Each structure stands twice: as C-alpha cells, then as structure tokens.
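The structure under discussion appears below in the form of structure tokens.
Proteins get letters first, then strands, A, B, ... in listed order; numbering begins at 1 in each. Computed over heavy atoms, backbone and side chain alike; hydrogens, waters and symmetry mates excluded. Because the structure is predicted, anything quoted here is derived from the model rather than measured.
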Amino acid sequence: SPIVMPPPRTEVVSIKFVLDWAIQGPQAPFVVALEKGYFAQEGLAVIVDRGYGSADAVTKVASGAYQMGYGSLDAMIEFNVKNPGKELIAVYVVLNNPPYSVITLKGKGINSPKDLEGKKIGAPEGDAPRRLFPVFAKATGIDPSKVEWVSMSPPLREPSLVKGEVDAITGFYFTGYLNLLALNVNPNDIIAFKYTDYGVELYGNAIMVRKDFMQQHPDAVAKFVRAVNRAFKEVIANPEMAADLVKQRDPLVDRNVELERLKLAIKDNMVTEEVRRNGLGAVDKARLERAIKSVVEAFNLPRTPSVDEVFTDRFLPPKEERTI
Amino acid sequence: MSKQSLSSLFVSAVKDYALPTAVFAGFFLLWEAVTRIFAIPEFILPSPSRTVEVMLANFPIIIRHSYATLEATLIGFGLSIVFGLLLGLAVGYSAIIYRAVYPLLVAFNTIPKVAIVPILVIWFGIGKVPAVLTAFLISFFPIVVNVAVALATIEPEIRDVLRSLGASKTQIFVKIGVPRSMPYFFGSLKVASTLAFVGAVISESVASNEGTGYLMIAASSRFDVPLVFAGLLVISFIGISLFLVFAILEKRLVGWAYR
Amino acid sequence: MSKQSLSSLFVSAVKDYALPTAVFAGFFLLWEAVTRIFAIPEFILPSPSRTVEVMLANFPIIIRHSYATLEATLIGFGLSIVFGLLLGLAVGYSAIIYRAVYPLLVAFNTIPKVAIVPILVIWFGIGKVPAVLTAFLISFFPIVVNVAVALATIEPEIRDVLRSLGASKTQIFVKIGVPRSMPYFFGSLKVASTLAFVGAVISESVASNEGTGYLMIAASSRFDVPLVFAGLLVISFIGISLFLVFAILEKRLVGWAYR
Amino acid sequence: MIELRNVSLRYVSKSGFRTLNELEALRNVNLVVEKGSFTSIVGPSGCGKTTILKIVSGLIQPSEGEVFIDGKRVEKPLPIVGMAFQNPVLLPWRTVLQNILLPLEVVEPHRSQLQKNRSIYVEKALKLLRLVGLEGFADKKPWELSGGMQQRVSLCRALIHDPEILLLDEPFGALDLFTREELWNVLQNLWLQTRCTVLMVTHDLREAIYLSDIIYVMSKRPGTVIGTMVSDYPRPREIDISYEDRFVEQMHRLREMIQVK
Amino acid sequence: MIELRNVSLRYVSKSGFRTLNELEALRNVNLVVEKGSFTSIVGPSGCGKTTILKIVSGLIQPSEGEVFIDGKRVEKPLPIVGMAFQNPVLLPWRTVLQNILLPLEVVEPHRSQLQKNRSIYVEKALKLLRLVGLEGFADKKPWELSGGMQQRVSLCRALIHDPEILLLDEPFGALDLFTREELWNVLQNLWLQTRCTVLMVTHDLREAIYLSDIIYVMSKRPGTVIGTMVSDYPRPREIDISYEDRFVEQMHRLREMIQVK
Ligand SMILES: Nc1ncnc2c1ncn2[C@@H]1O[C@H](COP(=O)(O)OP(=O)(O)OP(=O)(O)O)[C@@H](O)[C@H]1O
Ligand SMILES: Nc1ncnc2c1ncn2[C@@H]1O[C@H](COP(=O)(O)OP(=O)(O)OP(=O)(O)O)[C@@H](O)[C@H]1O
Ligand SMILES: [Mg+2]
Ligand SMILES: [Mg+2]
C-alpha cells in the first residue's frame, strides 16, 4: 500500500457532503472513508450528513448548502436541464447499476412484468424507479398507461404491499427486499423485477459536485474522490468491517441487516461486469449516452445534455487504483 | 366611542379593507425584493411573480387538488369543533375530568401527527379518510383548551345566577358556559382551522393521490418548486377565506365581548 | 366550598394523583389489549410492552436524542412566548394592527411548516437552528390569538379604572391586560408547547443528525417501528413534564381566576 | 316557611390542601320567615346578610346548623326561589329582555312552555319592565343601562317566574328616593297579589319598616340575630304613613337596636 | 375649578358603520365646581349623573359643549383625578392592599417613588383601610369581601394618590346607616385636610346636604340641571346637625325640587 505522505502545506478545504439517504450498508464507502480518517489524510475537513432522497440531495448541493453530494444520475440530469446555470456534475459513479426494481409477492398473480398491466403499484411520487418506469415498460414491452399508481411515503410501501393495499411496489431492491424480510415475509415469496435485468441501461448513484466548486477547488474534489475510492475498495474486500463501521457511526442500525444490504448492493449494483472491466467509478460513454436519452424521454425533458455535461473523468484516480 | 363623523367613517373603511390589502401587498413586495436582491434560486424560494405565473398556468390542476384538501380540512375541522367543544365542556366543567384527561391530551398532542398518519393509512386505506382524521386529530386540542379555560374561569357570581334557580350543570353550560366562552372559542377556531389545513396537507403528502399535499410532493420531486409555492399560496388564500367567515360570524355572535 | 373534612381531603388527593395515573394505566392496557386481540403487526402499531422493551434496550440513545429535541423545543418555545406575547399585545390592543396583521398570520399558519424547513436549512444549515426556528414558527400563533382575544375583551369598566388615572396604553397592558389574560395565556402555552415539540421533531426528521425526529426517521426507514414509538413515548413524557411545570406555575399565578 | 336553626358559617381560604385562614361570618343564627310573610334583615356592612340569603337559597351550605324550607332541609338550590343579587350580574351577551327571560329557560313548568307561549311570557316581561320604569329598554344590552337601571332589570329577573320564595339583596340600593318609593309600591302590589314569601336585605330602615311584617336586626361580624321588630301597618300601605309619628318613632327604635350592638 | 359648558351627550349604538339608535343622556348641562369645594349631584336613576362624572374625568367626550378643569379643556383623563366608580370594580388578581396601591403604580410622582418608599405608601394604605373600618382585610382577595366592604376599598383606591379632584359615584350606596355616617365624617376630615375639589353623585339627600357646599339637582333623562341648593353649615359638621330643624327643612326643599321635575 502506498506510503502516506505528509500532506502538502495547502489550506484545509472543508467539504460538506450530503448522502442520498440514511446511513446504511450501501453508504459504507463514505462512512469508511470518514471513520478511517482518509479524508483527513487528504487534508480535507469533511462533514457527512444523511439525506432525504436524491432530489433533495441534488437541491441541497445546488443551493450551496453542501459542496458535494451523493445521488442518482437521473435526478441530477433532470435538475441540470431545469435549472440552467446551477448545474452539477458527476465525478465518480458508485452504483454502476441502479438498484431500481418492481417488487411483488407470490400470490398477487404477477409473474412477469407484463402482468403488471391493470395492477396497482405503490410508490412515492418522486421515487426514481417509479418515474423511470416508462423506460422499464419500454424495455419489457408493457403499456405504462395501464398501470395504476398509488402515492405513499417510502416507509408505507412494504406494509401496503403485505396488507394488500397495492399489488406491487417500486423501490431500491436492497431496501425493499430487506424491509419485506423484516415484515416476516418468506424470502421465497418475494418476486423482484430488477430494471437492469431487463436491459434497462441506466446508471445509479454517483458523487456529484457543483460546477463552480469544482472549478475553484479541483484538488479538493480529486482528493475527496481518491479517499472514497480507497475506502470503496476496502468495503468491497471486507464488507464485515464496513458494516461494523456503519454500526459504529450510527448505533441504532442493525449491523447484520446492513451487512446483508451491503452485500446485495455489492453483488448487484457496485461490482458489475463493466466495473471489473473499467474499474470503479468510471462510466462507459456509449452506455451513458443511451442512459441520458432514456432519462430525457422518461422525464419529458426539453433538452438532451451531452455526456460531458453529466460526467467528467478528470478526477478519477488512475485506473490501477480503481481496479478490483 | 360616542362620536360618528364622516371622517371617522372613512377611517373605519380604511382600517377595514385598505390596511390588510396594503400589508399583503407589502409582504409580496418584500418577498419579491428579497428573491431578487439576494438572487435566490427558484428551486429554493421562487419569487411571488414567478409563483403566480405558475399558479395561473396550472390553475385547474391546483384548484382540483385544493378542493380535495379543502374538503378533507372542512370535514376534519367540523369533527374538531364538535368533539373539541364536547371534550372542552367536560374538562372545563369537572375538575376530575380535567385531571384525568388533560395529561393524556397533552401527551397525545406532543406527538407529531406525521407519525400517526401511517397507522391511519394502514387502517383506513389511502385516500380521504386519513386526511380527514389527521385534520381532526391535529386541530381539536386548541378548541378543548380554550373552551375548558373559559368554562373553568366563569365568575362564581354569574354562575350563581343560574345555580340559584336550581339549574342543572348542563343548563349552566348552555346558558353561561357556551356564550361566555364564545370569544375564546372563536379564537381557538382560528388556530384550529389553520392546523386542520396543515393536518390535511401532511396526510396527503404521506399517502394520497390527490390534494395539495400530494401536489406539493409531486412537484418538489420534479424540482418544480414554484408549483409547490403556488399550491401553498392557494391553500393560504383558502385559509384566509375561512378566517373571514369566522370573522363575520364572530362579529355577529360575540360583538358584546368586544365593546 | 366552605367545608373541609378528612374525607374531602382524601378525595382531593385521589383526584390529584390517583386518577390521572389510573387513566394512563387504562390507556396503556387498552393499547396492549387492542394490539393483542386484533393481532396488530408490530410494523403498524407495536404493543406498549414491546415499545417499553425497545425503549429500555436503547435508553441511552433515546435519551440523547430526546435531549436534543427538548433543547430545540425549549429554545423555540421561549422565542414563541416572547414574540407571541408581544404580537398578541399589539394585535389585541390595536384594532388597526389586528386588521393589518391577522390575515397574514392566518395565511402563514395555514402553510405546513414542513414546507418551510428546507428553506430554513438552506439558510441556516442542517442541525439545531432549523429545529429551533420550526418549533418557534409553529407554536407562536396560539399564543398570539389568545393574548389578543384576552386583551380585546377586557371589560370597559375595568379598563376605565386605569384610564381614569391617565394611564398610558402600555400601563393598561401591564396592569390589566397581562394579568387578566393569564389564564388564557397559560391555556395557549399548553397548546404552544405541544406544537413546539411537534415543530422540533418535524424539522429534525427532515434535516438533522440528531433529535427524536432523526431517530424516528432513521428507525422507520429501517422498519424499526417499536423504536419509533419508543421515541414518541419519551417525547410525550417530556411533554407532560413540561405541562406539569405550567400547571404548577398556573396554580400559583392565576389561582384567582379558578375560584 | 323558611327556618334557620343555629346556623353558623365560616369562610375558609384554601391553597391546595392547606387552610390559609378562616373567617367566621355567621354565628348561631336562628331566624324564621313565615310563609307568605315579608321579612327584612338589617345590619352593619359585612355582618353576613348576603351570606344568609345565599344559605337560604342553597348556594352555600352552613358550616353548622340547618336550613329548612317548608320543613324540608335545603341541600341544593331550589327552582321555587327567585333571587335578586346585591350586584345586578346581568349576562352581557343577552339583551335586557333576554336577561329577564332567563329563569323561564331553566325553571319548570315554564321551560317546557316557553317555546309555545313565548309571546305571553314576553308580554309579562315587558309589563314588569314597564312597572319598574324601563319601558323601551327591552332590546338594550345591559351595559347600556345606568347602575340603577341594571338593578331594576335584575329585580324583574327575580320576579319573572313567580317564585314562591323571593330573596332580595338590597334591591333598591342604587336608586334615588323617588324611584325607590315608586318601586316599594310596585313590589308591595305584586306581593299582595302573589303572597310569596319574601326575605329582603336592606340598609334603609324606612324601607324595612314600610315593606315588612318583621325586621330582623343583626350584630356585627360574626353576625347573629340581636333583635326583631314587628311592623303591623295595615296593607296596602302608602308612602304617607312613613311620615306618621309612630312610624318615625319606630325608625328611631330600630336605629337604636342596631346601634347598641 | 371644574366647568361644564353646554354639555350634551348622546350614546350611539353602532353595528359596523350603521348607527342603530341614539340615546340622549345629557342635554345642555352647565355646572361649575369651585376649586376646593365639595359639590354633589342628585337626580333620578338614569338621568346621566354617572355620565357627567365620566365626562369630567375625560373617559368620554361630550357630543357637544366643553369641559374645563382649571381653565384647560379636558381632552383625556388626567392623573390628578381620583375616581370611585358606582361599581367597586376591584381587580380580582390583586389583594385588597394591592388594589389600593394601584394608582400609585400609575400616577407620577408616586410611580417613581413607589419602589423606594414602598413601606410609607403601604402604611398610608393601611391607615386608609383602618379609617374605613377594614383593618385586617389588607391581604384578602376582593371576592372575599361583602358588597359594602368592596365599595369602601374602592373609596380608598380613589384617595390613595391624594388627587386634586375627587369624583365619587354613590360612594356609600351599599353601606348601612351607621357605617355610612362614620364614613361621612372620615371623608369630611380627609377633605378638610387636603381641600381637594370633590364632585359626588348620591341618592341620599341627607348625605348631600351634610357633606356638600353646593348641591345640583338634575332632571329626568335627558338630564339637565334644574336647580341648585347651598349648604352653608360651618365645618367640621357633626351628625347632630342633620336633626336640626333647618337641616330637615332643607331636605324637604331639596326633595320638592327633585319632585317638581
Ligand atoms: N366568598 C367569600 N370568601 C370569604 N369570605 C367571604 C366571602 N363572602 C363574604 N365573606 C366574608 O363574610 C362576611 C359577611 O359577608 P356578607 O357578604 O354576607 O356581608 P353583608 O352583610 O352582605 O355585607 P354588605 O352589607 O356589605 O353587603 C364578610 O366579612 C366577608 O368578608
Ligand atoms: N355605555 C352606554 N351606552 C349606551 N347608553 C348608555 C351607556 N351608559 C349609560 N347609558 C344611558 O345613559 C343614561 C344615563 O346613564 P347614567 O349611567 O349616566 O345614569 P345615572 O344618572 O348614573 O343613573 P343611576 O343613578 O341609575 O346610576 C341612561 O339612560 C343609560 O341608559
Ligand atoms: Mg351584602
Ligand atoms: Mg350612575
């Protein structure tokens, strides 16, 4: 491992960083970087706060309340198009595949995506899988207008599904799956249609930064990414350790549940074929271009941003440091 | 108090209409100025002009959702008035009930109603019922408190007028308690009606397919903050309209207290 | 009223302590019974026994978060008292201010405070300040209303006692307005204090790294509903404690009104 | 018949469970008001006259002793009683007329008939108002009346439901001499028609002798009965008798009875 | 010196902007109260006596005409005035003593000295209480007093700040004869010491003649001055003079002045 050099005598840059959601297993890379002092070693004073959804995280970064944040690329693209002059840009993709999924239970009569037609799906209005459902529908050839949506806050989804209020829900797979387990649902009864399994080409969550901050403090951004990348590799190599640190950071969590969640995320969303090929954090430009198009279509956006507006690789550490 | 001249008539008219209008105008101007001077981005706090623009553009939708909210609010608020009045009478009348029930009420009201909405949703399904119930649950307490205080502080001299006739407790309620507590009852209605709106909106934002709460959540998840504020603006207008209804009722019913 | 015997003393003591305790016990028993009889799953409504169990297991954490909430609540509530009292005095004293400010206040209070928290966060950052401000913003209105009503309904006979001495408006406030409105002021404090808790918790649940609101959101996003209720229980207990403080103050300060 | 037997009353100031202090208002009061008679009580300010009326009306319970009305112990207020308090205590949210009608909304059998016979009752109230010289004030609010006018309204309210027992606490205290003398005769006539039992508190000795059959004289606090005087002028009495020597002499005697203490 | 010039007053009932009805309470009242004199007003109930006091105190403004105190037009209440209202109106959240001290908390120069000289003022209040026969009641709450006792407290409150002008509205109306006569002398002595200007409303003609220099007689509503009477007995006067023939004869004359209307 590299020898830790004494940090160069530059001013300490402080970065406030907002997560997409609560501190849980899949957020481990940031927790580990923080708890192990990797940010500090890079000469950064970093504060990590929990978030309330990608849209909220994007807004908070754009508003200046935070310098950097973690959220889904689709939310960022939508925000950028709608708020010219306040754009964010992604610098490191953590979830190479988005965890978007439709989840249902055995006995609801839904065995393939096609069966969703004429059924009730529960989800928050702003839920990414819900809003990107047209992309999924297109990929699976179902008619999205034949689905009835029921709006509800995130924690109400799984109970509503179990109680029969709705026939299916959308959400992050690792969240929905584990929540259903917590509700004593037999794992064998859970049916999930993961968007990526059906050829939906989207990217998941990424580290985002406000453009003006990026221009003023390119070094800080690079250091931040380097620290996260370092932690990320450790998380993948040793999820048990990561779960311990998450528990340490937030004593209220159930370590084993978060470990489970993290493992699911690593398997499905973090370490994909593409990641093994290109290394952590990077994107495939062609795929990203198609993803942007899908998002623009699904959200009915007036403009299609270019790949360079959405992601920049200039802060990625050298590929060998990102390879697993 | 005893003079009435043209000039005083004019002054009253100005007080009645011009001043509140001016205050509102001032408020909106200030808001507009703040957003411009500090160049506050639209996704944080849209300017009122932009908000009104968006409001007009989406008027039918906003009205439809506002109507749903108004309906839930009014039903919940109606329940509040009935139960708040009854409970207030009971608590204000009997020191025993006061001691028995009050702490429980306080405990219940310390709980954010957001935490209760999911339970209501699970029990009553998504839609109107949780909104109505939330509006009710959030708004009855101020009514209870004020009616209870008004009853408990009836001067014994007044109470004795009826007691000396052998009046029952219920009669003392009706003949003295109720009219005497009217000014505070109306005061509490002002608080309760605004809370009822809040309750309905909160519930809609947690689980509903319609209503201003739903609209706000939907709009904000699309980064359409001006639409959120347009919804808030309409709700506020409805709130003020309701307030004006009370104000008129109040003037007719409890003018005696404001001599 | 005039008799005092051992038996009546005993009755008072029972009223004072035994009854509320019994009511609370009954409430918890009912809750337990409902969850058992209807076999209500834990993720909807955990039984009190389970809630208490979870509460004890996580006691230090819950206490830490509750403390943060209490702190935010008390500061916000303190601001409410000060500003609510001042605004209430202004509104209750001058019909002009009443007409000018009241509709604006009503409009503002019709807006769910949740919608305002994000703006506060943008301006003041995440943490204690938005919680304090939300607690303040949500709780000052009931105080304003009640103080204003109490002032506006002062009997002219009483007011004349001071006016005839050439007392200034401020003096009439202090000598009559304030003491006379005390019972309703305390009533409004009961409403306001519970609302302040609600405000703090709501703000914490939207933007904070600590406090009961944070705890609840964190727990509920993990489906740890018993922990949510444990947090609510502790908040309720704190709410009741605060209420008891008022009750004692009230007894000392406004006993005259409850003769 | 109203009977007070060995009635004592102590007012107790309490704070929570503690007794702060006691004040003995009445000590061993014995007093009888014959059915259909007109009885007055006179005595120094603060001697417990109002307290006696409140005890008779059942508003407060004696600390010791007992009160009987027609042989039955008084344990709570009775609807057959009409009371005019020392302060008029009119309800500010009601007009003068509505204030006068109040007892009818509470006391049976009027209560159940009020709806049906409202116009008859209103007529009666207006007649009473006319009798006390307040024609045309029926629709005013109480605070639009002068002190003496309020007191007269309060008298009407005590009379409206034809009570069998009428308790009057200085009913003419705020009235000028002439209005007062007019009202004496109004009251006398009403009483001669109904022959209800009247117990009146007054400070005006002339009033006491002019209106009453018996006058009780009370001592300073703690109040107790220290003398009685009979006034046996034939009825209807006219104001002129109060200038007769015998009347004036009786006033002097009454005066001395009080002064002795 | 207090001067009312052609004072008229109409009470207006309003509902919103509309005038419901008007009531003419005073019509063309002319009245002079010499500095340092003791003046009384008598007249039938509802004739506007209380209204005159309220106009003099500046609590209400005349509809027509003007009021002057020492040559200055009265436009608002003045702190040199002490007023005892027809109803005692004591503040229920204050003890008797605190009620009496109230004017001192408002009126300069006492207000700024109250903190410093509190014990002196309390002493003064207690002395007044003793004078009106309420020793030992300083720490009671108003509602623990009888009607007459409350009225006496209200009198003390009007006196505590040594007002130059004292307005008394039936100050002894709720008192029995003896307490009343005692208080006449108390008031007379206080007045002889301070020589403040007193304007008193009363229904008791004996009281009016016994205490006053001049008595104004008012007509029925709309009230106006229909006569005056001078009472020139040397001071200090003693109760016995009220039994003298001349006094009794004066009472009869006053009585007739009122009765003529
Ligand atoms: N509610 C009360 N609490 C305590 N003490 C009281 C109460 N009411 C009256 N008292 C006391 O009892 C005594 C008698 O009062 P009461 O009102 O009966 O006198 P009264 O004879 O009617 O006097 P007045 O002629 O002045 O009206 C007084 O000393 C008074 O202080
Ligand atoms: N606030 C008011 N509003 C309307 N009318 C009033 C008001 N106060 C008094 N009046 C009317 O004015 C007239 C005079 O009232 P005022 O109180 O001056 O009489 P008064 O001479 O003091 O009578 P009393 O001897 O009965 O106290 C009365 O007819 C009364 O109805
Ligand atoms: Mg009395
Ligand atoms: Mg008067």
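No part of Phe108(C) comes within reach of chain B, as not one of its non-hydrogen atoms sits under 4.5 angstrom from that chain. Interface residue Phe27(B): only side-chain heavy atoms are found under 4.5 Å from chain C. If you measure heavy-atom distances from Ala150(B) to chain C, the contacts under 4.5 Å come from both the backbone and the side chain. For Ile138(B), no part lies under 4.5 angstrom from a heavy atom of chain C. In this structure, chain C has no heavy atom under 4.5 Å from any part of Pro118(B). The part of Leu45(B) that comes within reach of chain C is its side chain, from C-beta onward, which places non-hydrogen atoms under 4.5 angstrom from that chain. For Val145(B), the part sitting under 4.5 Å from any heavy atom of chain C is the side chain, from C-beta outward, and nothing else.
Side-chain contact check for Pro103(C) versus Phe24(B): some heavy-atom pair is nearer than 4.5 Å. Contact check for Val23(C) versus Val101(B): no side-chain heavy atoms found under the 4.5 Å cut-off.
The residue among Val149(B), Val114(B), Ile111(B) with the most heavy atom pairs within less than 4.5 Å of chain C is Val149(B). Ranked by heavy-atom pairs shorter than 4.5 Å toward chain C, the options Ile119(B), Thr21(B), Leu104(B) are led by Leu104(B). With chain C as partner, the option from Tyr98(B), Tyr184(B), Phe197(B) having the largest number of non-hydrogen pairs under 4.5 angstrom is Tyr184(B). Listed options Thr73(B), Val121(B), Val198(B) were ranked by heavy-atom pairs under 4.5 angstrom with chain C; first place goes to Val198(B). The candidate with the highest count of non-hydrogen atom pairs below 4.5 Å against chain C, out of Val191(B), Ile202(B), Val144(B), is Val191(B).
Taken to the nearest 0.5 Å, the CG atom of Leu105(B) stands 11.0 Å off from the NZ atom of Lys190(C). Here OG1 of Thr110(B) is found 9.0 Å from CG of Leu195(C). Values are rounded to the nearest 0.5 Å.
Between Thr194(B) and Val106(C), the shortest heavy-atom contact is CG2-O, 3.7 Å. The two atoms that bring Ala107(B) and Ser236(C) nearest to each other are O-OG, 3.4 Å, heavy atoms only.
Within residues 237-245 of chain C, the residues having any heavy atom less than 4.5 Å from a heavy atom of chain B are, in residue-number order, Gly239(C), Ile240(C), Phe243(C).
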